[in-house]
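Below is one structure, written out as structure tokens; comments come after it.
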Amino acid sequence: MAPPIRLYNTLGRSKQEFKPLQPGQVSIYTCGPTVYRYAHVGNLRTYLFADLLVRTLDYNGYQVRQVKNITDVGHLTDDTFDRGEDKMLVSARLEKKSPAEIAAHYTHAFLDDEARLGIRRADAFPRATEYVPRMVELVALLLEKGHAYESGGNVYYDISSFPDYGRLSRNTTAKLLAGTKGEPDHRKRSPLDFSLWKRGDKRLQVWDSPWGPGFPGWHIECSAMSMALLGERFDIHTGGADNVFPHHEAEIAQSEGVTGHRVVNHWVHGQLLFLSGTRMAKSAGNFFRITELEEQGHDPLAFRYLALQAKYRAPLNFSPDGLAGAGRALVQLRERVADWRSGPEGPTGDFGDRFLAAINDDLDLPAAMALVSELVRSDRAPGSKAALLLDWDRVLGLDLARGGPEPGELPIGADNLLTQRQKARAAKDYATADRLRAELASLGVQVTDTSEGQTWRTAPRG
RNA sequence: GGCGACGUAGCCAAGUGGCAAGGCAGAGGUCUGCAAAACCUCCAUCCCGAGUUCGAUUCUCGGCGUCGCCUCCA
């Protein structure tokens with residue numbers, strides 16, 4: 001009997017028992033990337049957390065449908081007076097490519113990056129540009145229902161028409177107003193009203209609408225794509241903590257404004273990745289791509305291991321040392337699984353139940369990882385330890401079946417040195433043997449003596 | 001200014017009203033010709049102050065400090 005899954009819900013700020021709308025099935029919408037640049041490991045941490053959620057539900061026997069949007073329409077950096085720049089279009093200009101080319105390039109890179117981290121493919125990756133007609137419909141409905149107004153060619157959401165505005169982020173409109181800075185945009189009734197549709201015909205990306213040519217506001221796409229693919233009610237919506245306000249607050253106002261009822265049951269947000277105490281961000285330039293870490297000799301899954309050791313709801317401080325440590329631990333774990341696989345089997349006690357209890361408790365992967373260590377050190381039968389670890393790997397996603405590192409290719413001349421060393425050792429000429437070991441090491445070959453003779457392995461990366 | 005987090009060993013990071021998980025690094029030991037690996041052992045009174053309590057790292061209040069959101073951002 002599996003313990004119930006409890007998930008923290010940003011709406012309500014508490015762990016709540018997860019109950020799917022349809023028995024045995026779960027619908028998840030994961031707020032995806034805007035594809036105007038490469039994703040960094042900070043971005044990927046959020047998709048990793050969503051992946052762990054999907055895998056946990058799958059492990060519990062649920063049939064999961066996950067939708068992850070690809071935003072290939074740029075958003076303005078500043079909504080006021082249309083001053084902001086659109087990042088998609090900036091990238092297109094800088095790289096002298098069309099927005100579609102930019103989007104295609106970074107979308108592929110994103111999917112590759114996800115695969116490197118063992119993130120399972122979502123069931124659907126809707127593109128925002130393909131849902132603009134649906135967005136236009138939603139904006140028209142919001143106008144019809146009195147939640148929006150047209151002004152100066154733009155359409156704005158009237159937050160005073162939605163009393164629940166602020167419930168997710170716990171901001172109140174009165175306090176938000178007090179904190180308003182900068183000059184007000186006089187086309188808006190309230191400075192807090194946000195854009196649903198922006199007029200503009202001089203851009204590279206323009207669509208027709210009842211309000212003239214233009215482009216959609218920043219939040220409407222998620223309302224459109226989530227409801228188009230998952231329906232007017234779905235189970236879980238994931239995203240980064242930075243999206244709570246204003247993005248998801250606006251999404252709730254839009255989706256519920258249109259439908260008149262609650263759309264998302266569980267809002268789950270993953271915390272951000274930090275580097276030297278500040279948020280890893282594209283704009284700050286303090287980031288690593290997963291491919292960069294790979295070029296430095298790290299296994300991409302070492303980052304996954306690192307992330308598994310922290311709660312998804314807590315900020316995580318990234319450091320190259322921490323990553324290296326996680327990598328060492330991962331290699332060792334894989335070697336053990338390889339060693340134990342063919343060993344004898346036996347009972348594993350309550351380890352399986354404890355693992356399930358950990359992951360079902362709001363994705364407590366740190367507890368699960370501690371359990372991995374406890375199991376490894378335990379005196380259970382090796383074959384069963386390996387089998388259990390491989391079973392857990394369905395959730396952990398660390399590719400534990402991979403085995404130890406490959407011996408690698410011997411550099412030229414090393415073969416001869418190895419033979420000489422073997423002879424020297426047989427003759428108990430240890431001075432020569434040690435000299436040859438040092439010589440081999442300088443060639444990048446690590447020699448180890450075992451009871452069955454010497455073994456070697458090429459050093460990781462040259 | 002508003003909203004929200006957080007401050008635990010050298011680093012990363014869990015956790016609980018009652019002797020502080022785990023990983024990496026480090027120390028000692030076993031093993032080994034030596035080394036490596038492996039194995040064993042060791043390594044924190046939890047930012048400060050006050051309060052509640054038999055007892056607080058864990059609850060409350062007050063400091064100090066760090067960070068996130070309030071512009072696009074995972």
Side-chain angles (χ1 to χ4, degrees), chain A residues 10 13 30-34 36-37 39-50 71 74-80 83-88 90 166 169-172 174-182 192 194 218 238-247 249 269-274 277-284 305-306 308-311 313-330 332-333 335-336 339 358 364-374 376-377 425 428-431 433-434 437-438 441 446-451 454-455 457:
Chain A
T10 306
R13 309 281 163 122
T30 295
C31 233
T34 303
Y36 68 97
R37 261 190 233 176
H40 53 71
V41 290
N43 300 127
L44 292 172
R45 184 187 182 205
T46 300
Y47 304 116
L48 193 54
F49 126 70
T71 297
H75 300 313
L76 299 182
T77 53
D78 189 336
D79 189 34
T80 312
R83 263 189 314 226
E85 282 199 285
D86 176 318
K87 291 189 174 178
M88 281 296 295
V90 169
S169 62
R170 304 217 161 167
N171 285 310
T172 65
K175 285 173 177 169
L176 279 170
L177 277 171
T180 307
K181 44 193 171 187
L192 304 181
F194 56 89
W218 355 311
T238 73
D242 54 336
N243 282 142
V244 174
F245 189 89
H247 188 53
E249 195 74 76
H269 293 95
Q271 254 299 349
L272 306 181
L273 190 69
F274 290 74
T278 53
R279 167 184 181 172
M280 192 177 279
K282 289 175 186 171
S283 54
Y305 190 104
L306 183 72
L308 288 176
Q309 290 181 294
K311 285 288 288 285
R313 278 196 287 123
L316 172 61
N317 284 304
F318 178 86
S319 76
D321 279 357
L323 182 66
R328 277 189 285 274
L330 176 58
Q332 197 176 43
L333 191 57
E335 284 176 347
R336 290 179 148 130
D339 286 349
D364 194 351
L365 272 303
M369 291 302 281
L371 205 57
V372 166
S373 293
E374 191 183 327
V376 165
R377 279 185 281 99
R425 285 199 76 228
K428 295 203 190 296
D429 178 2
Y430 294 119
D434 288 349
R437 181 167 56 201
Q446 204 173 49
V447 183
T448 303
D449 295 318
T450 70
S451 52
Q454 67 184 13
T455 63
R457 170 186 293 175

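The figures that follow rest on heavy atoms only: side chains count, while hydrogens, waters and symmetry mates do not. The sequence lines fix the lettering, A, B, ..., with proteins before strands; numbering per chain opens at 1.
Pair assignment for B/U16: none, as no Watson-Crick or G-U wobble contacts are both less than 3.5 Å. Shown here, B/U52 forms no base pair; nothing in the strands shown gives a Watson-Crick or G-U wobble contact with both key distances under 3.5 Å. In this structure, B/G68 forms a base pair with B/C3, meeting either the Watson-Crick or the G-U wobble geometry with both donor-acceptor distances under 3.5 Å. Using Watson-Crick or G-U wobble geometry with both donor-acceptor distances under 3.5 Å, B/A27 finds its partner in B/U41. In a base pair of the Watson-Crick type (N1 to N3 plus N6-O4 or O6-N4) or a G-U wobble (N1-O2 and O6-N3), with each distance short of 3.5 Å, B/A9 is matched with no nucleotide. B/C34 is unpaired under the criterion used here, namely a Watson-Crick or G-U wobble arrangement in which both key atom distances are under 3.5 Å.
Residue-level contact check: A/Lys428 touches neither bases nor backbone, having no heavy atom under 4.0 Å from any strand. Within the nucleic acid shown, A/Tyr430 comes within 4.0 Å of at least one base atom, counting heavy atoms only. The residue A/Phe318 sits apart from the nucleic acid: no heavy atom pair falls under 4.0 Å. When heavy atoms are screened at a 4.0 angstrom cut-off, A/Gly325 is found touching the sugar-phosphate backbone but no base atom. Among the atoms of the strands shown, base atoms are found under 4.0 Å from some heavy atom of A/His40. A/Ala329 comes within 4.0 angstrom of the backbone, heavy atoms only, and of no base. Residue contacts for A/Thr448: at a heavy-atom cut-off of 4.0 Å it reaches a base atom on one of the strands shown. Among the atoms of the strands shown, only primed sugar atoms or phosphate atoms (P, OP1, OP2) are found under 4.0 Å from some heavy atom of A/Ala310. Within the 4.0 angstrom heavy-atom criterion, only backbone atoms of the sugar-phosphate kind lie near A/Arg377; the bases stay farther away. The residue A/Ala50 sits apart from the nucleic acid: no heavy atom pair falls under 4.0 Å. Counting non-hydrogen atoms under 4.0 angstrom, A/Gly239 reaches the backbone sugars and phosphates but no base. In this structure, A/Asn317 reaches the sugar-phosphate backbone alone: every heavy-atom distance under 4.0 Å involves primed, P, OP1 or OP2 atoms, never a base.
Atom CZ in A/Arg437 sits about 10 Å away from atom C1' in B/U32, given to the nearest Å. Distance, A/Tyr47 OH to B/C73 P: 10 Å, rounded to whole Å. Atom NE2 of A/His247 is separated from atom P of B/C3 by 24 Å (rounded to the nearest Å). Rounded to an integer number of Å, the gap from A/Leu177 CG to B/C3 C1' is 14 Å. Remark: P of B/C12 and CZ of A/Phe274 are 13 Å apart, rounded to the nearest angstrom. Between the CG atom of A/Leu333 and the P atom of B/A37 there is a distance of 17 Å, given to the nearest Å. Atom C1' of nucleotide B/A37 and atom CD of A/Gln454 are separated by 15 Å, given to the nearest angstrom. As a whole-Å value, the separation of A/Leu272 CG from B/U66 P is 19 Å.
The side chain of A/Lys175 sits closest to B/G2 out of B/G23, B/G2, B/C70. The A/Asp449 side chain lies nearest to B/G33 when the options are B/G15, B/G33, B/C70. Counting only heavy atoms from C-beta on, A/Gln309 has its side chain closest to B/G22 among B/A14, B/G22, B/C73. The side chain of A/Asn171 has B/C3 as its nearest neighbour among B/C3, B/G33, B/C69. Looking at the side chain of A/Ser319, the nearest of the listed nucleotides B/C11, B/A35, B/C70 is B/C11. Residue A/Arg279 has its side chain nearest to B/C69 when only B/C69, B/G33, B/G23 are considered. Comparing B/G4, B/A74, B/A14 against the side chain of A/Arg13 picks out B/G4 as the nearest.
Taking atom P in both B/U58 and B/G15, the straight-line distance is 15 Å, to the nearest Å. For the C1' atoms, the distance linking B/G22 with B/G65 amounts to 27 Å, nearest Å. Taking atom C1' on both B/A9 and B/A21, the two are 14 Å apart, rounded to the nearest angstrom. Rounded to whole Å, the P atom of B/G7 lies 13 Å from the corresponding atom of B/U16. For the C1' atoms, the distance from B/A74 to B/A36 is 42 Å, rounded to whole Å. Taking atom C1' on both nucleotides, B/A27 is separated from B/C59 by 38 Å, rounded to a whole Å. The gap from the C1' atom of B/C48 to that of B/A56 amounts to 15 Å, rounded to the nearest Å. Atom name P, nucleotides B/A35 and B/G68: the rounded distance is 48 Å, in whole Å.
Residues A/Asn43 and A/Lys282 form a side-chain contact, since some pair of their non-hydrogen atoms from C-beta on lies under 4.5 Å apart. Residues A/Leu273 and A/His40 form no side-chain contact, since every pair of their non-hydrogen atoms from C-beta on lies 4.5 Å or further apart. Side-chain contact between A/Asp364 and A/Lys311: present, with at least one pair of heavy atoms (C-beta onward) separated by less than 4.5 Å. Within the 4.5 Å cutoff, side-chain heavy atoms of A/Arg13 are placed close to those of A/Arg170. When side chains are defined from C-beta on, A/Tyr36 does not count as touching A/Val90, because their heavy atoms never get closer than 4.5 Å.
The base of B/A5 does not come close enough to the side chain of A/Arg313 for any donor and acceptor atom to sit less than 3.5 Å apart.
Where A/Arg170 and A/Leu316 each meet RNA chain B at their nearest nucleotide, the meeting point lying more 5' is that of A/Arg170. When the nearest nucleotides of RNA chain B are assigned to A/Thr278 and A/Leu306 by heavy-atom distance, the more 5′-ward of the two goes with A/Leu306.
Heavy-atom minimum distance, A/Pro33 versus A/Tyr47: N-OH, 3.1 Å. Between A/Ala326 and A/Tyr305, the shortest heavy-atom distance links the atoms CB-CD2, 3.7 Å. Residue A/Arg425 comes nearest to A/Ala433 through the heavy atom pair CG-CB, 3.7 Å, listed as atom of the first residue, atom of the second, then distance. Contact between A/Leu272 and A/Ala241 at its shortest, heavy atoms only, is CD2-N, 4.3 Å.
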